[in-house]
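Heads up, the thing below is written out as structure tokens.
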Amino acid sequence: RSLEAKGGGPRAPGLRTELKCDAYLAAVGRKPNTGILNLNAAGIQVDEYGGVLVDSQLCTTANAGNVYAAGDILGRPFLASTGV
């Protein structure tokens with residue numbers, strides 16, 4: 001699936017425009033609701049507020065790799081416009 005720039009349309013040249021993953025993790029709300037997910041068992045690290053830590057490509061620290069996160073689960077700043 002192709003990713004679009006904020007507001008629609010193609011992303012800027014040179015940016016990754018396709019995301020392939022084995023799992024997509026999403027939680028909604030103003031505070032990341034990650035406490036009961038046992039993310040540590042998968043090697044997914046969270047910050048002091050429960051937000052999932054990701055790199056610049058939204059990839060988590062999961063042991064198996066190919067686990068991405070986006071939206072409010074990332075914690076601050078909350079980006080309501082981020083969606084699936």
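Predicted model only: the values in this text are computed from it and were never measured.
The two residues Ala69 and Ile73 make their nearest non-hydrogen contact at CB-CG2, 3.9 Å. Of all heavy-atom pairs spanning Leu74 and Val52, the tightest one is CD2-O, 3.7 Å. Taking every heavy atom of both residues into account, Asn63 and Ala41 meet most closely at ND2-O, 4.2 Å.
Remark: of the listed residues Leu53, Val54, Leu39, Leu53 is the sole one forming a side-chain contact (heavy atoms from CB on, under 4.5 Å) with Gln45.
Judged as a side-chain contact (heavy atoms from CB on, under 4.5 Å), and not counting sequence neighbours, the contacts of Asp55 are Gln57, Cys59.
Taking OG1 from Thr34 and CG from Asp47, the interatomic distance works out to 8.0 Å, rounded to the nearest 0.5 Å.
Looking at Thr60, its side chain never comes within 3.5 Å of a backbone N or O of Ile44 through a donor-acceptor pair.
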